K.L.:
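Please see the structure below; I have some questions.
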Amino acid sequence: MSIREHIINNFKGDDYDSLQSAINESIESNDEVTLPGMGVFFEIIWQGADQELKNRMLQIIKDRVNQGENE
C-alpha cells in the first residue's frame, strides 16, 4: 500500500470535525512527519477544484511565500 493510499484509508469515514481537527493538529504540531498527509489532502483538493479555486489557492500560496521571504 502506498503512503497516499494509507493516508486516504486512514481518514475514510471521518466527519468534518475530525478532518478539521487532524489538519489543525498537523499544522500546530509543526512536525514534518505530517507533511505527506497534508500533501495528500492538498492533492485531493487540487484535483477537485475548478480553475477559480485553483487560482485562489495559488494566490494564497504566492502571498504567504512572499511574506515569508520578507520576515
Side-chain angles (χ1 to χ4, degrees):
M1 178 182 294
S2 71
I3 292 172
R4 180 182 287 106
E5 291 170 326
H6 176 75
I7 291 166
I8 290 170
N9 285 332
N10 197 39
F11 288 95
K12 274 188 179 174
D14 282 12
D15 61 15
Y16 290 111
D17 291 335
S18 296
L19 289 169
Q20 184 173 3
S21 179
I23 292 168
N24 287 336
E25 288 175 17
S26 176
I27 292 169
E28 291 168 3
S29 75
N30 203 26
D31 187 353
E32 292 189 6
V33 170
T34 63
L35 288 177
M38 296 299 285
V40 171
F41 284 174
F42 183 77
E43 179 182 56
I44 291 168
I45 294 166
W46 189 264
Q47 289 172 341
D50 62 15
Q51 192 58 50
E52 182 179 345
L53 181 53
K54 286 179 180 179
N55 290 342
R56 178 72 181 122
M57 288 189 290
L58 289 168
Q59 188 63 53
I60 291 168
I61 293 168
K62 182 181 178 302
D63 291 347
R64 294 301 301 257
V65 167
N66 288 339
Q67 279 179 348
E69 290 177 354
N70 296 326
E71 292 179 343

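Please read these numbers as outputs of a predicted model, since none were measured by experiment.
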K.L.:
Atom CG of residue position Leu19 - does it have more than 12 heavy atoms of other residues, nucleotides or ligands inside 6.0 Å?
P.N.:
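Counting neighbours around CG of Leu19, more than 12 heavy atoms of other residues, nucleotides or ligands fall under 6.0 Å, so yes.
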K.L.:
Do you know the tightest heavy-atom contact between Val40 and Arg4?
P.N.:
CG2-CA, 4.0 Å
K.L.:
For Gln59 and Arg56, does a side-chain donor sit closer than 3.5 Å to a side-chain acceptor?
P.N.:
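Per modelled atom types, Gln59 and Arg56 side chains form no pair under 3.5 Å.
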K.L.:
For the pair Asn10 (side chain) and His6 (backbone), establish whether a donor and an acceptor sit closer than 3.5 Å, ignoring hydrogens and angles.
P.N.:
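Judged by distance alone, no pair lies under 3.5 Å.
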K.L.:
Is Met38 reachable from Ile7 through a run of I, L, V, M, F, W or Y residues, each pair having side-chain heavy atoms under 4.5 Å apart?
P.N.:
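Yes, Ile7 connects to Met38 through the hydrophobic network.
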K.L.:
To check you understand the geometry: which heavy-atom pair defines the closest contact between Pro36 and Glu32, and what is its length?
P.N.:
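Closest approach of Pro36 to Glu32, heavy atoms only: CD-O, 3.8 Å.
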K.L.:
How close do Ala49 and Lys54 get, heavy atom to heavy atom, and via which atoms?
P.N.:
O-CE, 3.5 Å
K.L.:
Are Ile3 and Ile45 co-members of a hydrophobic cluster defined by side-chain heavy atoms under 4.5 Å apart?
P.N.:
no
K.L.:
Say whether Ile27 and Phe11 are linked into one hydrophobic cluster, either directly or through other cluster members, by side-chain heavy-atom distances under 4.5 angstrom.
P.N.:
yes
K.L.:
How long is the span from the CD atom in Gln20 to the CG atom in Asp15, to the nearest 0.5 Å?
P.N.:
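The CG atom of Asp15 is 10.5 Å from CD of Gln20, to the nearest 0.5 Å.
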K.L.:
Can you tell me how far apart CD1 (Ile8) and CD1 (Ile44) are? Round to the nearest 0.5 Å.
P.N.:
4.5 Å
K.L.:
Might you confirm whether atom CD of Glu52 has over 12 heavy atoms from other residues, nucleotides or ligands at distances under 6.0 Å?
P.N.:
no
K.L.:
Indicate, with yes or no, if Val65 and Phe42 share a hydrophobic cluster defined by side-chain heavy-atom contacts under 4.5 Å among Ile, Leu, Val, Met, Phe, Trp and Tyr.
P.N.:
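Yes, one cluster joins them.
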K.L.:
Report the distance from atom CG of Leu58 to atom CG of Asp63, rounding to the nearest 0.5 Å.
P.N.:
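Rounded to the nearest 0.5 Å, the CG-CG separation comes to 10.5 Å.
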K.L.:
Can you confirm whether Asn30 is buried at CG, in the sense that more than 12 heavy atoms of other residues, nucleotides or ligands lie under 6.0 Å from that atom?
P.N.:
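No, because the 6.0 Å sphere around CG of Asn30 holds 12 heavy atoms or fewer from other groups.
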K.L.:
Around Gln51, counting heavy atoms of other residues, nucleotides and ligands shown, do more than 12 lie under 6.0 Å from its CD?
P.N.:
yes
